[in-house]
**Q** 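Quick one: the structure is below, questions incoming.
To find a chain, count down the sequence lines: A is the first, B the second, and so on, and within it residues start at 1. The structure displayed is predicted, hence computed values, not measured ones.
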Number of protein chains: 2
Amino acid sequence: MEQAKPNPDNKPAMDVFQAIADPSRRKLLEMLGDEEMPVTAISSHFSMTRTAVSKHLRILTDAGLLTERKVGRETRYRLEPAPLQELKRWLAYYDRFWDNKMLALQRYVESSDDSQTSSS
Amino acid sequence: MEQAKPNPDNKPAMDVFQAIADPSRRKLLEMLGDEEMPVTAISSHFSMTRTAVSKHLRILTDAGLLTERKVGRETRYRLEPAPLQELKRWLAYYDRFWDNKMLALQRYVESSDDSQTSSS
DNA sequence: TTGACATGAAACCTTAGGGTGTCATATACT
DNA sequence: AGTATATGACACCCTAAGGTTTCATGTCAA
């Protein structure tokens with residue numbers, strides 16, 4: 001048995017599926033996609049308390065969906081979209097169950113816009 | 001008699017995000033993708049009781065992810081992948097962040113007017 | 001009809017989860 | 001130094017969620 005609390009930022013302690021289950025957390029992700037924000041600024045967009053928001057931020061961070069960066073006395077959070085890939089992979093499994101015609105087109109589109117931009 | 005139960009199969013009572021948050025339920029979806037199955041057969045693959053499995057099935061059904069069909073004395077469940085589209089749409093929003101050459105540029109622009117304001 | 005099987009419903013238990021308020025600490029401002 | 005700001009850590013609360021057991025109902029097989 002290896003317990004030893006192995007949670008070195010890399011292996012999410014929190015399941016992504018569970019992390020995005022809460023509407024508030026999805027709103028947070030959406031909000032933090034465009035720009036990095038400190039906790040107080042973030043929580044001004046919610047009706048719940050700052051502490052509650054902070055907890056959600058923690059959960060998302062534990063899931064690897066946010067990165068935190070201390071700037072002076074504030075902690076700024078930003079979207080880290082990588083773990084969403086797991087979701088995407090999970091969803092991809094069910095592609096075959098959708099309408100197959102649409103699926104074929106969809107894959108085609110995805111594959112063609114995913115392989116470029118290899119500069120700078 | 002139709003008693004106007006405000007949940008006519010179409011508008012899920014249960015959020016898809018929440019429905020898939022539970023690992024057991026994801027396993028159920030996976031299991032019921034290939035073939036329709038009755039409850040007892042399904043629950044034989046789980047360590048929890050049949051009743052517990054039944055509850056999960058109910059939740060998934062309420063989320064529109066499963067359809068149930070009575071055959072004799074058994075109720076067979078089958079995957080209904082349609083609601084997963086909502087997930088896919090949600091994920092699609094974050095596509096722009098995955099390939100983030102463009103995002104890096106964006107951040108650079110943003111940071112030049114905001115985040116470096118603190119001078120030593 | 002009687003009995004076995006399949007399942008949902010109801011009552012209940014326990015824990016996790018989302019929320020609040022208070023406090024401690026670190027940084028910034030003057 | 002002294003105060004205000006930003007935030008995380010705690011200690012709690014309350015409800016929802018996952019789980020179990022028991023019971024009722026419906027269907028199949030003799």
Side-chain angles (χ1 to χ4, degrees), chain A residues 5 7 9 12-29 31-32 35-63 65-78, chain B residues 3 5 7 9 12-29 31-32 35-63 65-78 114-120:
Chain A
K5 207 64 188 299
N7 185 23
D9 279 29
M14 186 75 172
D15 187 25
V16 181
F17 290 89
Q18 192 137 345
I20 65 164
D22 187 278
S24 301
R25 288 198 286 267
R26 291 200 296 276
K27 186 178 171 189
L28 280 170
L29 291 181
M31 187 177 307
L32 295 170
E35 53 172 342
E36 175 182 79
M37 287 175 77
V39 179
T40 304
I42 295 170
S43 57
S44 71
H45 296 278
F46 290 83
S47 56
M48 67 185 92
T49 60
R50 186 193 47 78
T51 305
V53 171
S54 199
K55 278 200 201 173
H56 283 302
L57 291 170
R58 165 56 53 108
I59 289 174
L60 289 169
T61 304
D62 284 350
L65 285 164
L66 293 180
T67 56
E68 47 181 19
R69 162 179 160 247
K70 302 254 330 181
V71 175
R73 58 182 161 183
E74 55 187 30
T75 307
R76 300 189 183 164
Y77 291 85
R78 193 184 55 189
Chain B
Q3 64 270 14
K5 197 75 177 299
N7 184 23
D9 279 32
M14 186 75 173
D15 186 25
V16 182
F17 290 90
Q18 193 138 345
I20 65 163
D22 187 278
S24 301
R25 289 199 287 267
R26 291 200 294 277
K27 187 178 170 187
L28 280 171
L29 291 180
M31 189 178 306
L32 294 170
E35 54 173 340
E36 177 181 76
M37 286 175 78
V39 180
T40 304
I42 296 171
S43 58
S44 72
H45 295 280
F46 290 83
S47 56
M48 68 185 93
T49 61
R50 196 209 80 246
T51 306
V53 171
S54 199
K55 278 199 201 173
H56 283 302
L57 291 170
R58 162 58 56 99
I59 290 173
L60 289 170
T61 304
D62 284 350
L65 285 165
L66 293 181
T67 57
E68 46 181 20
R69 162 178 160 244
K70 302 253 334 179
V71 175
R73 58 184 160 180
E74 52 187 33
T75 308
R76 301 189 184 164
Y77 290 85
R78 195 184 52 189
D114 181 56
S115 65
Q116 296 295 340
T117 49
S118 60
S119 51
S120 53

**Q** Does A:Glu74 reach the side chain of A:Thr40, with side-chain heavy atoms less than 4.5 Å apart?
**A** no
**Q** To the nearest angstrom, how far is A:Ile59 atom CD1 from C:dG19 atom C1'?
**A** 11 Å
**Q** Give the rounded distance in Å between these two atoms: CZ of A:Phe17 and C1' of C:dA16.
**A** 20 Å
**Q** If I take atom CZ in residue A:Arg69 and atom P in nucleotide D:dA6, what distance separates them, rounded to the nearest angstrom?
**A** 17 Å
**Q** What verdict does the side chain to side chain contact (heavy atoms under 4.5 Å, CB included) test give for A:Arg76 and A:Arg78, after you've listed the backbone C-alpha separation in whole Å, the side-chain angles of each residue and the deciding distance to 0.1 Å?
**A** CA-CA 7 Å; A:Arg76 300 189 183 164; A:Arg78 193 184 55 189; over 6 Å; no
**Q** Any heavy-atom pair between the side chains of A:Leu32 and A:Leu57 that's under 4.5 Å?
**A** yes
**Q** Is there a donor-acceptor pair closer than 3.5 Å between any side-chain N or O of A:Arg26 and the backbone N or O of A:Ala21?
**A** yes
**Q** When you measure from the side-chain N and O atoms of A:Thr49 to the phosphate of C:dG19, is any distance below 4.0 Å, counting only OP1 and OP2?
**A** no
**Q** Roughly how many Å is it from CE in B:Met48 to P in D:dT21, rounded to a whole number?
**A** 13 Å
**Q** Atom CG of B:Asp15 and atom P of C:dG18: how far apart are they, to the nearest Å?
**A** 13 Å
**Q** OP1, OP2 of C:dG19 versus side-chain N and O of A:His56: anything below 4.0 Å?
**A** yes
**Q** If only side-chain N and O atoms of B:Gln18 are considered, is one of them under 4.0 Å from the OP1 or OP2 phosphate oxygen of D:dA16?
**A** no
**Q** Do A:Lys27 and A:Phe46 come within less than 4.5 Å of each other through their side chains, counting heavy atoms only?
**A** yes
**Q** Whole-Å distance between D:dG18 P and B:Ile20 CD1?
**A** 13 Å
**Q** Please write out the pairs of protein N or O atoms and N or O atoms of nucleotides 7-13 of chain C separated by less than 3.5 Å, giving the distance to one decimal.
**A**
{"residue": "C:dT7", "atom": "OP1", "partner": "B:Val39", "partner atom": "N", "Å": "3.0"}
{"residue": "C:dT7", "atom": "OP1", "partner": "B:Thr75", "partner atom": "N", "Å": "3.3"}
{"residue": "C:dT7", "atom": "OP2", "partner": "B:Thr40", "partner atom": "N", "Å": "2.6"}
{"residue": "C:dT7", "atom": "OP2", "partner": "B:Thr40", "partner atom": "OG1", "Å": "2.2"}
{"residue": "C:dT7", "atom": "O3'", "partner": "B:Thr75", "partner atom": "OG1", "Å": "3.4"}
{"residue": "C:dG8", "atom": "OP1", "partner": "B:Tyr77", "partner atom": "OH", "Å": "2.7"}
{"residue": "C:dG8", "atom": "OP2", "partner": "B:Ser54", "partner atom": "OG", "Å": "2.5"}
{"residue": "C:dG8", "atom": "N7", "partner": "B:Arg50", "partner atom": "NH2", "Å": "2.7"}
{"residue": "C:dA9", "atom": "OP2", "partner": "B:Arg58", "partner atom": "NH2", "Å": "3.4"}

**Q** For side chain to side chain contact (heavy atoms under 4.5 Å, CB included), just list the numbers for B:Met48 and B:Lys55, CA-CA rounded to whole Å, side-chain angles, deciding distance to a tenth of an Å, and then say yes or no.
**A** CA-CA 11 Å; B:Met48 68 185 93; B:Lys55 278 199 201 173; over 6 Å; no
